[in-house]
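Just below is one structure, and these are the notes that go with it.
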Amino acid sequence: MRRSIAGALTSVLAAGVVAVVTQVAVSTSTPASAAASDPYNWKNVRIDGGGFVPGIIFNPTERNLIYSRTDIGGAYRWDQTNQSWIPLLDWVGWDRWGYNGVVSLATDPVQTNRVYVAAGMYTNDWDPNNGAILRSSDKGNTWQTTALPFKLGGNMPGRGMGERLAVDPNRNSVLYLGAPSGNGLWRSTDFGATWSKVTNFPNAGNYVQSPGDAYLGDNQGIVWVTFDKRSGTSGNATQTIYVGVADKQNTVYRTTNGGTTWERIAGQPTGYIAHKGVLDTTGGFLYLATSDTGGPYDGGKGDVWKYNTATGAWTQISPIPSSSADDYFGYSGLTIDRTNPNTIMVATQISWWPDAIFFRSTDGGATWTRIWDWTSYPNRSKRYTMDITSVPWLSSAQTPSRPRRRPSSAG
């Protein structure tokens, strides 16, 4: 926007200079009158498709209160009435351009007008500023900012994991943030206004995709925080909290006393990073989606696990287990149906060809169905339809070779 205004001013000044020169050269000419100014009415340009949306976050207590976060394009709130997304970070200026990188977002389940963003584009020196926590008490219409003493990476490797930022569902003034770059676990007790490091948390992560590389060489750190609401009461801090760490041998930790002590959960799977940790508070199961890398560009093996929080038993429930030759991807996306928590969905990380795969279970992971299946190559049967009538350009006027189709999540 600033460049456009500057360009307009330059044109006006240039025109003024020409007018003056003309008057001097031809004294009998009529003085140039001032050009009428045109009013500017700035609006967002509608752009459908493209880019990366690493997270869609539903408020668990207010219907249709949904947020999405992007790696470089800010955060958005769903407008149910108009069936569109409202941009929430258009106020970010050039001096803090990195705030458009949203590494995590948390919506408050108690005071649902409150929403928080962990903002920052890169953990290296590409972004000159440190990260920040942006907090709003009006669903993102206005914001306050707390600068952090370290950088965040909304456009860094591992950005599809999470959520790193979480609100205590019993005492909503308490928030936790999992930080990258070995900065550990952080906590706020005043609705995100101030933050302090949880110094007794034992593991800041150790997974580095490519040591020494400017972009791939950062420790991806602590990648998600999940509260067990059953372990607290309204107004009193939740006692049991699960934390996911980018450490292939020690990927899940837990406190049962509100953070006084932390422990590595016994018997947990090793060899992979838990991208997501989703808790079914009805059945008492913690679900993990794991992959051999942090993504989002790669991932060759992974598993899905189910942890019984009452008995401590771990069960592998992978739709296609990592031991299978048919597993050429990890798992990352994971969610459960809160009204029927035996219904689970997981997504591949990464199945580029011929497309991404989503798996759905209605019996707690005992059996699965796929969003598409092979019939006779290159034919596929699909359990979905795709309607792009409102955005026909997504087809790119291409006829792809089978079995690929456009538009496609694989590009």
Side-chain angles (χ1 to χ4, degrees), residues 54 157-158 160-162 207 209 220 223-224 244-252 265-278 280 283 285-308 311-337 341-384 401-405 408-411:
M161 298 189 282
Y207 175 73
Q209 183 170 344
Q220 295 184 17
V223 297
W224 52 265
V245 180
D247 178 343
K248 291 186 177 183
Q249 301 306 311
N250 312 279
T251 196
V252 187
I265 299 181
Q268 66 182 260
T270 60
Y272 300 97
I273 300 168
H275 279 217
K276 300 283 194 302
V278 178
D280 162 22
F285 297 105
L286 176 70
Y287 292 94
L288 303 183
T290 72
S291 181
D292 56 353
T293 75
Y297 308 112
D298 54 2
K301 289 287 183 180
D303 282 301
V304 183
W305 289 87
K306 182 177 184 177
Y307 175 66
N308 189 320
T311 67
W314 288 92
T315 305
Q316 187 187 103
I317 59 170
S318 309
I320 300 176
S322 60
S323 57
S324 171
D326 291 330
D327 181 35
Y328 56 93
F329 45 77
Y331 297 92
S332 185
L334 170 66
T335 190
I336 66 174
D337 183 342
N342 278 329
T343 297
I344 316 161
M345 294 190 71
V346 294
T348 54
Q349 172 75 36
I350 286 288
S351 172
W352 288 114
W353 185 93
D355 208 340
I357 310 172
F358 298 94
F359 298 91
R360 181 174 181 261
S361 173
T362 58
D363 52 15
T367 60
W368 298 86
T369 56
R370 293 164 50 127
I371 194 172
W372 59 264
D373 285 304
W374 293 111
T375 52
S376 58
Y377 184 87
N379 298 309
R380 291 186 289 158
S381 63
K382 305 178 183 69
R383 294 184 174 89
Y384 68 94
S401 60
R402 297 170 71 190
R404 288 286 298 278
R405 63 175 290 174
S408 167
S409 61

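This is a predicted model, so every value here is computed, not measured.
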Exercise. If we only count heavy atoms from C-beta on, is the Y328 to T348 side-chain gap below 4.5 Å?
Worked result: no
Problem set entry | Pairwise distance OG1(T315) to OH(Y307) - rounded to 0.5 angstrom | 11.5 Å
Exercise. Does the T362 side chain pair with the main chain of T343, one donor and one acceptor, at a distance under 3.5 Å?
Worked result: no
Seminar exercise, completed: On a heavy-atom basis, the closest approach of G299 and S291 is CA-OG, 3.8 Å
Exercise. Is a donor on one side and an acceptor on the other found under 3.5 Å between the side chain of T290 and the backbone of I273?
Worked result: no
Problem set entry | Audit row: T335, V278, side chain to side chain contact (heavy atoms under 4.5 Å, CB included) steps and yes/no | CA-CA 7 Å; T335 190; V278 178; 5.8 Å; no
Exercise. Where the side chain of H275 meets the backbone of G158, is there a donor-acceptor pair that is under 3.5 Å apart?
Worked result: no
Exercise. What is the ring orientation for Y331 with F329, classed by angle as parallel under 30°, tilted 30 to 60°, or perpendicular over 60°?
Worked result: perpendicular
Problem set entry | Closest contact, heavy atoms only, G295 versus Q209 | O-OE1, 4.5 Å
Problem set entry | Side chain to side chain, T293 and Y207, heavy atoms closer than 4.5 Å | yes
For this session: State the CG-OH distance between L288 and Y272, to the nearest 0.5 angstrom.
Result: 14.0 Å
Exercise. Looking only at atom types and distance, does a side-chain atom of Q220 sit under 3.5 Å from a main-chain N or O of A246, one as donor and one as acceptor?
Worked result: no
For this session: Mind running side-chain hydrogen bond (donor to acceptor under 3.5 Å, both in side chains) on S322 and D303 for me, showing each step along the way?
Result: CA-CA 6 Å; S322 60; D303 282 301; 2.6 Å; yes
Problem set entry | Shortest non-hydrogen contact between S361 and T367, atoms and distance | OG-O, 2.8 Å
Seminar exercise, completed: D373 meets the salt bridge (Lys or Arg N to Asp or Glu O under 4.0 Å) criterion, sequence neighbours left out, with R370, R383
For this session: Taking all non-hydrogen atoms of both residues into account, name the closest pair between Q249 and T270 and its distance.
Result: OE1-CB, 3.5 Å
For this session: Write down the atom of R380, the atom of D355, and the distance for their closest heavy-atom approach.
Result: NH1-CB, 3.9 Å
Problem set entry | Atom pair OG1/CE of T369 and M345 - distance to nearest 0.5 Å | 8.0 Å
Exercise. Under the side chain to side chain contact (heavy atoms under 4.5 Å, CB included) criterion, do Y287 and D280 qualify, and how do the steps go?
Worked result: CA-CA 8 Å; Y287 292 94; D280 162 22; 4.1 Å; yes
Exercise. Do side-chain atoms of N308 reach the backbone of A313 as a donor and acceptor pair under 3.5 angstrom?
Worked result: no
Exercise. Is it true that a side-chain atom of K301 and a backbone atom of S323 form a donor plus acceptor pair closer than 3.5 Å?
Worked result: no
Exercise. What is the ring orientation for W314 with W305, classed by angle as parallel under 30°, tilted 30 to 60°, or perpendicular over 60°?
Worked result: perpendicular
Problem set entry | Test item: K248 side-chain N/O and D292 main-chain N/O as donor-acceptor pair under 3.5 Å | yes
For this session: Could you give me the CA-CA distance, side-chain angles and deciding distance for V346 and F358, then say whether side chain to side chain contact (heavy atoms under 4.5 Å, CB included) is met?
Result: CA-CA 6 Å; V346 294; F358 298 94; over 6 Å; no
For this session: Could you walk me through whether I350 and D298 pass the side chain to side chain contact (heavy atoms under 4.5 Å, CB included) test, one step at a time?
Result: CA-CA 6 Å; I350 286 288; D298 54 2; 5.6 Å; no
For this session: Measure from the side-chain N and O atoms of W368 to the backbone N and O of I317, and report whether any donor-acceptor pair falls under 3.5 Å.
Result: yes
Exercise. Is the backbone N or O of A274 less than 3.5 Å from a side-chain atom of W224, with the two atoms forming a donor-acceptor pair by type?
Worked result: yes
For this session: Please report the shortest heavy-atom distance between M161 and V223, naming the atom on each side.
Result: CE-CG1, 3.5 Å
